[in-house]
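Report on the structure given below.
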4 protein chains.
Amino acid sequence: MKLLDLIVMPDDATTTIAELKEQVKRFCEARDWDQYHNAKDLAIGVSTEAGELLDLFRFKSPQEIEAMFRASDVQEEIEDEMADVLFFLLRMAQMNDVDLSGAFERKMIKNEKKYPVEKARGSNKKYGRA
Amino acid sequence: MKLLDLIVMPDDATTTIAELKEQVKRFCEARDWDQYHNAKDLAIGVSTEAGELLDLFRFKSPQEIEAMFRASDVQEEIEDEMADVLFFLLRMAQMNDVDLSGAFERKMIKNEKKYPVEKARGSNKKYGRA
Amino acid sequence: MKLLDLIVMPDDATTTIAELKEQVKRFCEARDWDQYHNAKDLAIGVSTEAGELLDLFRFKSPQEIEAMFRASDVQEEIEDEMADVLFFLLRMAQMNDVDLSGAFERKMIKNEKKYPVEKARGSNKKYGRA
Amino acid sequence: MKLLDLIVMPDDATTTIAELKEQVKRFCEARDWDQYHNAKDLAIGVSTEAGELLDLFRFKSPQEIEAMFRASDVQEEIEDEMADVLFFLLRMAQMNDVDLSGAFERKMIKNEKKYPVEKARGSNKKYGRA
């Protein structure tokens with residue numbers, strides 16, 4: 001039995017948003033980064049990391065993108081960029097006392113109204129801005 | 001006592017990533033949106049919603065941004081955009097079998113190496129790309 | 001003959017970058033906007049307007065996008081977003097004494113080296129970052 | 001006299017948009033890139049390059065950003081990213097028969113109405129979306 005087998009990696013089934021926020025908080029406070037982490041620069045962080053995620057798919061065909069998710073090194077690169085977006089989103093929530101789950105629930109209720117099932121089914125139309 | 005008092009709103013302390021992913025999945029499948037939700041377009045979604053979040057802070061001073069978080073209607077607008085980014089990130093994870101918490105943990109281990117406390121403390125320098 | 005027929009609209013064949021920069025400068029100075037137009041916020045402007053441009057194509061198929069360019073109202077919407085990106089790019093250049101044409105020429109020389117014809121022909125591979 | 005002195009570098013005062021578009025067209029056609037350059041992927045290009053430009057200013061103070069424009073190597077890095085945004089914007093215009101100067105002029109007329117001088121002077125308020 002190897003040591004690694006004993007380490008319980010977190011997974012989506014058991015990890016709460018609060019635990020992720022706490023981890024981000026500890027990481028940034030250990031580095032004294034509060035001074036840089038105003039909302040504007042954190043939103044820049046969310047946006048530029050989202051751009052790096054998107055950049056991976058630029059000029060790629062659907063077939064090439066499927067293959068990217070099957071190649072473990074490229075899959076890891078994609079997941080790293082997704083994690084970077086999540087990092088800045090969590091940090092922005094943590095620094096500004098935003099409860100992400102509550103905000104998400106409230107927005108989903110709005111989305112239910114904006115995209116009623118009978119109208120939105122099988123359609124890529126926007127009813128107003130998402 | 002009003003009906004609303006009986007509804008338990010989700011919060012970050014108790015909500016897992018898996019629960020949020022499941023909610024996104026149900027929402028999109030009810031609308032038959034799998035056909036549109038390839039990885040490239042979902043990454044576009046993450047990026048354009050991140051742009052809408054950032055847009056709220058364009059040309060705003062630190063003082064104005066602080067006031068935005070204290071005005072409940074503007075705070076809600078900010079939180080809505082954060083929720084939109086989260087929506088597409090969760091959907092991308094769910095559609096492509098990405099465990100976000102595991103990906104996040106692995107990336108944080110890389111970040112610990114990339115930004116060692118003794119070098120990164122109080123610094124906004126990048127050691128390579130984030 | 002109507003008045004509009006007498007107005008010579010600018011076109012790409014005769015319009016220089018300097019003329020566009022001058023127009024942006026006059027527009028912003030008339031509104032006393034220099035105080036807001038620091039490089040960070042102008043780069044936010046370039047990025048968020050680019051996001052609005054991209055947003056028009058989200059979840060759209062190649063066939064739908066072709067049709068968008070043939071529908072004059074949608075074509076105008078696309079062109080408006082392209083103009084918004086150009087606006088902030090020109091303003092950023094003008095405020096910071098950047099000669100865009102010179103910068104472009106220098107970057108194209110780098111691109112020639114990064115994407116040599118014999119290697120880049122018919123390939124969507126990146127040789128380093130674009 | 002050195003050879004370099006004989007080369008006339010283009011500058012904004014004399015370079016037209018059409019000349020830049022022609023240069024981008026030649027570059028891309030020599031590499032047989034038309035097959036990749038659909039409007040969606042070119043808009044991704046505009047957006048991700050805008051993200052790289054913005055990324056340079058993340059967490060930087062106004063003083064640090066001023067210093068970046070005075071350091072010739074960093075200034076060149078900024079200008080390179082601006083050139084990359086321009087590249088994809090020109091390519092998108094060229095591939096889709098968009099006259100950028102005409103589109104810009106038409107949008108500026110809309111901007112004049114959206115931001116009338118008397119209301120917009122010294123204000124960072126948005127009257128609708130830019």
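This is a predicted model, so every value here is computed, not measured.
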Legend entry - Pick from D:Asn124, D:Leu86, D:Val117 with the largest number of heavy-atom pairs that fall under 4.5 Å of chain C: D:Asn124

Inset, instruction - Output the residues of residues 95-104 of chain C for which the shortest heavy-atom distance to chain D is under 4.5 Å, in residue-number order; output 'none' if no such residue exists. - result: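 Within residues 95-104 of chain C, the residues that come under 4.5 Å of chain D (heavy atoms only) are C:Asn96, C:Val98, C:Asp99, C:Leu100, C:Ser101, C:Gly102, C:Ala103, C:Phe104.
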
Legend entry - Part of residues 60-71 of chain C lying next to chain D, heavy-atom separation under 4.5 Å: C:Lys60, C:Ile65, C:Phe69

Inset, instruction - Could you list all the salt bridge (Lys or Arg N to Asp or Glu O under 4.0 Å) pairs where at least one residue sits in residues 30-46 of chain D, not counting sequence neighbours? - result: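 Residue pairs passing salt bridge (Lys or Arg N to Asp or Glu O under 4.0 Å), neighbours aside: B:Lys40-D:Asp41, B:Asp41-D:Lys40, C:Glu112-D:Arg31, D:Asp34-D:Arg91.
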
How close do [X] and [Y] get, heavy atom to heavy atom, and via which atoms?
X	Y	result
C:Lys107	D:Ala83	CB-CB, 3.6 Å
D:Ala43	C:Leu53	CB-CG, 4.4 Å
C:Glu105	D:Pro10	CB-CG, 3.6 Å

Residue, of [options], that accumulates the most heavy atom pairs under 4.5 Å with chain D:
options	value
C:Met92, C:Gln75, C:Lys21	C:Met92
C:Glu118, C:Glu22, C:Glu79	C:Glu79
C:Val46, C:Thr48, C:Val24, C:Leu89	C:Leu89
C:Leu56, C:Leu42, C:Leu54, C:Ile78	C:Leu54
C:Ala50, C:Ser47, C:Gly122	C:Gly122

Legend entry - Residues of residues 13-20 of chain D within contact distance of chain C, non-hydrogen under 4.5 Å: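 Only D:Ala13, D:Thr14, D:Thr15, D:Thr16, D:Ile17, D:Ala18, D:Leu20 of residues 13-20 of chain D have a heavy atom under 4.5 Å from chain C.
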
I need the [X] [atom1] to [Y] [atom2] distance, nearest 0.5 Å.
X	Y	atom1	atom2	answer
D:Lys110	C:Glu76	NZ	CD	3.5 Å
C:Arg121	D:Glu29	CZ	CD	11.0 Å
D:Phe57	C:Asn38	CZ	CG	9.5 Å

